[in-house]
Amino acid sequence: MEEGKFIHAPVSEPGTAWLWTAALLALLAIVLRQPILLILAVVLGLVAGLARLWWRYGLDAVTYRRQFATTHAFWGEEIGCELIAENTKPLPLVWLEVVDEFPKDLEVIGADLEPSSKVGIALFHAFFSVGPYERVRRRYRLRCRARGYYHFGPATLTTGDLFGFSARQREFAAADHLTVYPRVVPVATFGLPANQPLGDSKALRPLVDDPLRIAGVRPYVPGDNPRRVHWRATARTGALQTKHYERSANPAVALFLDTNTFEFFWEGTDTALLELSIMATASLVAHLLDEGRAVGLYANAPVRDTGSFDLAQVAPSRNPAQRQRLLEILARFVPGTGVPIERVLHLRLPLLPWGATVVVITGRVTTALQRALLDLARRGHHPVLLSCGARPDLDPALQRRVTAYHLGGKETWDALADLTLAG
């Protein structure tokens with residue numbers, strides 16, 4: 001762990017006045033020939049010297065770190081957390097106080113967190129007594145009851161002498177992170193059919209080319225899409241070759257998550273609607289991948305702490321790693337960008353395979369979104385609308401051509417939250 005920096009350090013070392021007092025008492029004892037005064041001077045000098053010693057060297061060669069059982073946890077999981085203080089010098093630490101910054105949304109079982117002036121942060125206190133060349137561990141368990149990407153640290157260490165004359169602090173800025181995936185429940189929890197949650201997903205033709213499964217190559221014929229040219233095979237044979245895809249009656253699914261819960265992003269976020277939308281999306285991801293479908297995810301929000309402000313986009317895939325990838329993105333969303341979801345549909349539609357099922361999960365069904373969904377239906381896609389919040393007033397034309405479900409609003413989220421607490 002990186003070296004910490006001292007904070008709140010006085011200009012001069014403590015105990016100086018006591019040492020001068022001890023020296024004056026010793027001189028007075030010699031002049032007056034008073035042994036009791038001399039003993040008092042010696043004791044006072046020793047106490048002041050020890051106070052200076054602990055102040056000067058107490059936090060030297062001291063390290064502090066957190067150790068988690070895992071860096072990724074599922075919703076509702078309890079994970080182990082160790083706080084480790086180590087003293088690699090001969091001077092013991094009679095007492096060592098650690099004040100660490102923990103996320104307030106995570107519960108530390110058996111310990112109480114104190115409020116902090118920082119948003120989303122609470123203060124965790126731990127106390128140690130560390131001998132010479134000793135490592136001390138404190139074990140706790142964290143209960144993960146809220147999805148998110150959580151930050152731990154910095155921590156402030158404080159120690160001092162046995163007599164309480166002085167104390168010194170050092171800050172350790174090293175941070176740790178924990179990702180908690182959103183909760184996944186059976187799709188029937190939201191009132192969706194367990195067998196066909198997206199309705200009858202047949203496209204305009206019973207079989208479509210699956211771009212995720214290459215069956216082989218064949219000679220190029222006029223009219224073939226240039227994107228399908230297999231350049232390695234062309235170079236090997238000396239004649240243009242085209243990729244030949246397997247046919248599939250199970251088209252890919254593209255999930256479009258709308259993280260805007262109000263018309264304008266500066267109005268804030270309706271947490272209940274957002275979390276309900278994210279939980280529904282995560283549950284669909286798990287269900288569809290279990291069915292063997294290729295699933296992708298697009299949203300009008302970037303992903304936290306990735307170094308990029310680009311809107312999230314993951315192409316459809318049935319790769320076994322797709323589940324973890326999508327759940328991690330859902331855990332780390334930064335919502336409320338103000339970009340309309342229909343704008344994201346317009347930008348990402350050219351990237352989708354023909355016949356893909358397009359699912360929009362939103363808390364705001366606007367007129368512009370309904371027009372976009374109708375346009376998708378005309379282009380040969382199978383659009384599905386999952387709405388949260390107030391039941392939307394759908395256009396009759398949309399009701400005829402678009403599969404639509406209403407997941408409920410705050411009452412649904414509250415019921416699920418009560419269920420999670422009971423579980």
Side-chain angles (χ1 to χ4, degrees), residues 70-77 79 103 105-106 120 144-151 177-187 189-190 192 197-198 252-261 269-291 293-337 339 341 344-345 348 357-364 384-389 407 412-413 416-417 420:
T70 180
T71 58
H72 294 74
F74 290 95
W75 188 98
E77 188 177 0
I79 65 168
D105 290 335
L106 296 182
C144 304
R145 290 284 192 175
R147 62 121 200 143
Y149 180 65
Y150 295 109
H151 180 100
H177 299 89
L178 174 66
T179 300
V180 178
Y181 298 134
R183 189 182 182 210
V184 175
V185 299
V187 293
T189 304
F190 302 101
L192 303 180
L198 304 183
V253 179
L255 303 176
F256 284 79
L257 175 61
D258 185 5
T259 63
N260 295 323
T261 54
T269 299
D270 187 324
T271 302
L273 292 188
L274 176 64
E275 295 303 323
L276 181 61
S277 299
I278 290 177
M279 184 190 294
T281 305
S283 301
L284 276 174
V285 165
H287 182 91
L288 295 170
L289 287 173
D290 287 342
E291 285 187 339
R293 305 283 289 271
V295 182
L297 176 64
Y298 304 87
N300 51 1
V303 181
R304 189 184 307 276
D305 288 357
T306 58
S308 172
F309 291 97
D310 294 336
L311 302 182
Q313 59 169 329
V314 180
S317 172
R318 56 174 59 88
N319 188 294
Q322 187 79 337
R323 182 191 306 261
Q324 180 177 352
R325 185 181 183 189
L326 297 185
L327 290 180
E328 179 150 0
I329 288 175
L330 289 169
R332 298 172 65 165
F333 267 140
V334 181
T337 59
V339 178
I341 193 63
V344 179
L345 281 168
R348 308 306 184 206
T357 298
V358 176
V359 183
V360 177
I361 305 98
T362 180
R364 295 183 61 251
V384 179
L385 173 64
L386 303 182
S387 61
C388 304
L407 306 182
T412 303
W413 172 250
L416 289 171
T420 62

Treating T357 as the side-chain partner and V253 as the backbone partner, does any N or O pair qualify as donor plus acceptor under 3.5 Å? no
L289 and S317 have their tightest heavy-atom pair at CD2-O, 3.7 Å
message = Could you check whether any side-chain heavy atom of D105 comes within less than 4.5 Å of a side-chain heavy atom of R145, counting everything from C-beta outward?
response = no
**Report entry** R293 vs R318 side-chain heavy atoms within contact, under 4.5 Å
**Finding:** no
For P182 and W75, the nearest pair of non-hydrogen atoms, with its separation, is C-CB, 4.0 Å
Contacts of V334 meeting side chain to side chain contact (heavy atoms under 4.5 Å, CB included) (sequence neighbours excluded), chain-then-number -> P302, R304
In this structure, CZ of R364 is separated from CD1 of I341 (nearest 0.5 Å) by 11.0 Å
4.5 Å side-chain heavy-atom contact, L106 and Y150: yes
Exceeds 12 heavy-atom contacts within 6.0 angstrom, atom CZ of F74 | no
Q | Ring centre gap for H177 and Y149 strictly below 6.0 Å | A | yes
Rounded to the nearest 0.5 angstrom, the CE-CG distance for M279 and L274 is 11.0 Å
R323 and D290: salt bridge (Lys or Arg N to Asp or Glu O under 4.0 Å), yes or no, with the steps?
CA-CA 10 Å; R323 182 191 306 261; D290 287 342; 2.5 Å; yes
Exercise. Are any of the side-chain heavy atoms of V344 and L311 separated by less than 4.5 Å?
Worked result: yes
Can you tell if the side chain of V295 reaches within under 4.5 Å of the side chain of L284, non-hydrogen atoms only?
-> no
Is any side-chain heavy atom of T261 less than 4.5 Å from a side-chain heavy atom of T271?
no
For this session: Examine the side chains of D258 and T362 and answer whether a donor and an acceptor come within less than 3.5 Å of each other.
Result: yes
Here the gap from L385 atom CG to F256 atom CZ, rounded to the nearest 0.5 Å, amounts to 13.5 Å
Item checked: Any donor-acceptor pair under 3.5 Å from E275 side chain to A146 backbone -> no
### Query
Side chains of R147 and R332: does their closest heavy-atom pair fall under 4.5 Å?
no
Separation between CG (L257) and CG (L330), nearest 0.5 Å, reads 6.5 Å
Q | Student check: side-chain heavy atoms of L386 and V360 closer than 4.5 Å | A | no
Between L255 and V358, is the side chain to side chain contact (heavy atoms under 4.5 Å, CB included) condition met? List the steps.
CA-CA 6 Å; L255 303 176; V358 176; over 6 Å; no
CD1 (I329) and CD (Q324) are apart, to the nearest 0.5 Å, by 11.0 Å
Separation between CG (L273) and CG (N260), nearest 0.5 Å, reads 12.0 Å
(Q) Let's go through V314 and Q322 carefully: what are the C-alpha distance in whole Å and the side-chain angles of both, what is the deciding distance for side chain to side chain contact (heavy atoms under 4.5 Å, CB included) to 0.1 Å, and is it a yes or a no? (A) CA-CA 9 Å; V314 180; Q322 187 79 337; 3.5 Å; yes
Residue pairs passing the side chain to side chain donor-acceptor pair (under 3.5 Å) test with at least one member in residues 277-286, sequence neighbours excluded, are none
